[in-house]
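One structure below.
Just so it is clear: chains get the letters A, B, ... in the order the sequence lines come, proteins before strands, and each one is counted from 1.
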Number of protein chains: 4
Amino acid sequence: MSKDKIIHAAMEVFSEHGYHRASMDEIAMRAQVAKGTLYYNFPGKAQLFKTIVKQALQDIINHTCQDLDNISISIEEQIRRIIRHNLDVILESRNVAHIIFNELSNGIEPEVLDEIKALKLEYLSFIGELLEEGKRNGYIVDVQPMIAASGIIGMLQSACNYYLSHQEQMTREELEHSLFTLITQGLLTNLE
Amino acid sequence: MSKDKIIHAAMEVFSEHGYHRASMDEIAMRAQVAKGTLYYNFPGKAQLFKTIVKQALQDIINHTCQDLDNISISIEEQIRRIIRHNLDVILESRNVAHIIFNELSNGIEPEVLDEIKALKLEYLSFIGELLEEGKRNGYIVDVQPMIAASGIIGMLQSACNYYLSHQEQMTREELEHSLFTLITQGLLTNLE
Amino acid sequence: MSKDKIIHAAMEVFSEHGYHRASMDEIAMRAQVAKGTLYYNFPGKAQLFKTIVKQALQDIINHTCQDLDNISISIEEQIRRIIRHNLDVILESRNVAHIIFNELSNGIEPEVLDEIKALKLEYLSFIGELLEEGKRNGYIVDVQPMIAASGIIGMLQSACNYYLSHQEQMTREELEHSLFTLITQGLLTNLE
Amino acid sequence: MSKDKIIHAAMEVFSEHGYHRASMDEIAMRAQVAKGTLYYNFPGKAQLFKTIVKQALQDIINHTCQDLDNISISIEEQIRRIIRHNLDVILESRNVAHIIFNELSNGIEPEVLDEIKALKLEYLSFIGELLEEGKRNGYIVDVQPMIAASGIIGMLQSACNYYLSHQEQMTREELEHSLFTLITQGLLTNLE
DNA sequence: CATGAATGAGAGTTCATTCAT
DNA sequence: CATGAATGAACTCTCATTCAT
């Protein structure tokens, strides 16, 4: 199927160059289809991008949901798993994640941008609700849940960025451990 | 001075459209100079961008340094001030910050990109060293300091993004409080 | 029959957008057939267009012939009927007529264009011969019959164009009356 | 000046191919400037086209005005001059005139199209007013002046089209004479 | 010091046409 | 008899950059 080849190629190219520098020519070339085929399958660049982002976000949500909904696990373990899933996604398809969480700035067709933002918000809300519930049960400190959710996602993304450029300084386990500690306990020790 | 007008205009335009969508034409127009003048004062778009970023990052570092170096203050207060300073910068010139911390992906001339990344790293190192020292003194938990530094900056940026789109849901004080709590204490309560 | 549906749809689309802006995609869509079916039934866009024009011109000729050949009527009445028939065609399917009489400029495959021009000439000749005969019988003034024929057709088309954009200024009867007066008597009064 | 070269080349290319088939590439080539230069001097194809048409129409109006306003001449002579001027324009730059009077169909940017239509209407109004005045003075028959004006222009254009394809059949003088007769006296002789 | 006309490579998009089914 | 996925050439337009002044 051309469509699949295009999506796959587009993911690569968008990841490597970001939205604006990604060219339909290169996507077509990598997908080994003619440029016209892109436009036969997708209305335009923005919509192709949207498709990519939508799918990636949906994948994250699905994976995380699946893993958390199974059995009732402790809040601590839930957080650990959310962190691990996000790291997986970010580290595997690093730039797709980067695009989703960061490069949704300006210059993309507003309608498409709005849709993507809504999708992203959905994901944040999913985490936000988890935190909200934890708060009600007294497991989670008193913070604005959505601020915490978006803050944590930003932290993971940003830390991964650093990690990817300095892999010689630490292992993935150390990364994960540091982030888990930071997110659950915060910076400060409980010294009296 | 043309140079100052250009820098000011460039900051605006890069902020509004991001690096790729910002056009030299618009920068020249806003600076009220001819297009050629841009190239008389700067070698090219990438270098102009670098200048902007450099200055912005330097400003953040200077401000923060100045505020922290004065007197010896508690680590808690230091963190609070770092958070406040970053929020100030991010919320005031939101998009410049967004560019610095996020849009440094691909498609920018590598040499320039590397310089900017180095600059960013410098800033992270500054925070990282603060944490390192806190760690040695036992005030800061055992996490990779640079991971923590980049994670925290990402958290602030990301949370601000959310805040800026949902200002009706909370005040700036609540934002700051949530972030401070999150960063110092983490998510979990200390229930036995 | 697919062919009929296509012709009908093509007439609509060519009328609405003109030859160049009419797309085979839209014709296929409106005809509710697949795009390939167009090429199964017609060699290409130009030939499809030719078919439309041919049919439309044939219709005008037939209608007019039929109405004039029946009985022997005065030259005045013949002219009145020619005007009326043309107005009917032009005002009903305004844009098909517009295409036939005007948009046969350039950019259409020469072979097809030539055929269409021949068809148009045939129609003009039909009117030209009527005038020629009137001239021989002394009813018609001494003008080049073909110039008169093409001039009259152009006048009708152009006046209709104006009428269609300014229908509030006059009725169809007034339009017809003005044109009849103009064509039979000319502009000038017979003042001594 | 690039601008003049472009306008000149554009006039040629639009004339030869009509609006839709005229390509910016060809205009640039003929003007011997780079493609970008077109867009440096004109916002886009439609506006370039508008400039051409505007200038051509203005020329016709100016020429005709100048010739008629000088001295008070008989209505008959006025008509003769209008016919002659139009024939001059149509026969000299045949296709520009064709574009102006006919090809303003669909598929051109609406705003530009509207401006051109307004310009064309201005020209028609100029003739329409002449006829109106003649009517008040009893020199011109009782017809809707604007219908007559647009009809006459259409007649000239259409007759010229025929003439240009059949120049071997008649001279320019015969063409002009036929049209003058047709327009002033109409088709019918004044036989009792 | 500064200008702005000119450039040209490259972008996204359209669309008549083909062909295996 | 009909399909529709696939094509690729051609299109309009953008924009960082150059250079004569």
Side-chain angles (χ1 to χ4, degrees), chain A residues 1-3 5-6 20-28 31-49 109, chain B residues 1-3 5-6 19-29 31-49 109, chain C residues 1-3 5-6 19-29 31-49 109, chain D residues 1-3 5-6 20-28 31-49 109:
Chain A
M1 273 295 90
S2 282
K3 203 160 191 166
K5 284 196 291 178
I6 291 169
H20 291 300
R21 284 294 255 213
S23 85
M24 295 299 264
D25 270 283
E26 191 174 351
I27 293 173
Q32 304 206 54
V33 297
K35 213 169 13 166
T37 309
L38 300 189
Y39 290 89
Y40 182 75
N41 286 283
F42 299 90
K45 189 185 183 182
Q47 286 82 359
L48 174 55
F49 183 61
E109 276 71 8
Chain B
M1 270 303 86
S2 280
K3 203 158 190 165
K5 285 196 291 179
I6 292 170
Y19 179 75
H20 290 301
R21 287 297 253 208
S23 84
M24 296 298 265
D25 271 279
E26 191 172 351
I27 293 171
M29 219 186 63
Q32 304 204 46
V33 298
K35 217 167 159 185
T37 310
L38 299 189
Y39 288 87
Y40 181 77
N41 286 282
F42 299 90
K45 188 184 182 182
Q47 286 82 358
L48 174 54
F49 183 60
E109 277 70 4
Chain C
M1 271 303 86
S2 280
K3 203 159 191 164
K5 284 196 290 178
I6 291 170
Y19 179 75
H20 291 300
R21 287 295 255 208
S23 85
M24 296 298 265
D25 271 278
E26 191 173 351
I27 294 172
M29 219 188 61
Q32 302 204 42
V33 299
K35 215 167 157 186
T37 311
L38 299 190
Y39 289 87
Y40 181 77
N41 286 282
F42 299 90
K45 189 184 182 183
Q47 286 83 359
L48 174 53
F49 182 60
E109 277 73 3
Chain D
M1 273 295 92
S2 281
K3 204 159 190 166
K5 284 195 290 178
I6 292 169
H20 290 301
R21 286 294 255 212
S23 86
M24 294 301 263
D25 269 284
E26 190 175 351
I27 293 173
Q32 304 207 55
V33 298
K35 221 194 318 196
T37 309
L38 301 190
Y39 289 90
Y40 181 76
N41 287 282
F42 299 91
K45 189 184 182 182
Q47 285 83 358
L48 175 54
F49 182 61
E109 276 70 7

Point to revise | Sequence neighbours excluded - salt bridge (Lys or Arg N to Asp or Glu O under 4.0 Å) pairs with any residue from residues 34-43 of chain C | key: C/Asp25-C/Lys35
Rounding to an integer number of Å, can you tell me how far [X] [atom1] sits from [N] [atom2]?
{"X": "C/Met29", "N": "E/dC15", "atom1": "CE", "atom2": "P", "value": "13 Å"}
{"X": "C/Ile27", "N": "E/dA16", "atom1": "CD1", "atom2": "P", "value": "8 Å"}
{"X": "C/Glu26", "N": "E/dT14", "atom1": "CD", "atom2": "C1'", "value": "13 Å"}
{"X": "D/Leu38", "N": "E/dG8", "atom1": "CG", "atom2": "P", "value": "12 Å"}

Study note, to complete from the structure: DNA chain E nearest-nucleotide lookup for B/Gln32 and D/Ala34: closer to the 5′ end is B/Gln32
**Study point:** Under the 3.5 Å Watson-Crick or G-U criterion, the dot-bracket string of DNA chain E, with | for inter-strand pairs
**Key:** .||||||||||||||||||||
Review point. Taking all non-hydrogen atoms of both residues, which atom of C/His20 and which atom of D/Arg21 are closest, and how far apart?
Key: CE1-CG, 3.1 Å
Practice item. Taking all non-hydrogen atoms of both residues into account, name the closest pair between B/Ala22 and B/Lys45 and its distance. Key: O-NZ, 2.8 Å
Revision key, fill the gap. Under a 4.0 Å heavy-atom criterion, the protein footprint on nucleotides 13-21 of chain F, written with B, S and -, is BB-BBB---
Exercise for review: Please identify each residue that fulfils side-chain hydrogen bond (donor to acceptor under 3.5 Å, both in side chains) with A/Glu26, with sequence neighbours left out.
Suggested key: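 A/His17, A/Arg30.
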**Study point:** Side-chain heavy atoms of D/Tyr39 within contact of D/Met24, under 4.5 Å
**Key:**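 They are in contact (side-chain heavy atoms under 4.5 Å apart), so the answer is yes.
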**Study point:** Closest to side chain of B/Ser2, choosing from E/dA6, F/dT7, E/dA2
**Key:** E/dA2
Revision key, fill the gap. Considering only heavy side-chain atoms of B/Asn41, the closest of F/dG4, E/dA2, E/dA6 is E/dA2
**Study point:** C/Gln32: partners by side chain to side chain contact (heavy atoms under 4.5 Å, CB included), with sequence neighbours left out
**Key:** none
Review point. Partners of C/Phe42 by side chain to side chain contact (heavy atoms under 4.5 Å, CB included), sequence neighbours excluded?
Key: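 For C/Phe42, the residues satisfying side chain to side chain contact (heavy atoms under 4.5 Å, CB included) (neighbours in sequence not counted) are C/Lys3, C/Ile6, C/Ile7, C/Leu48, C/Thr51.
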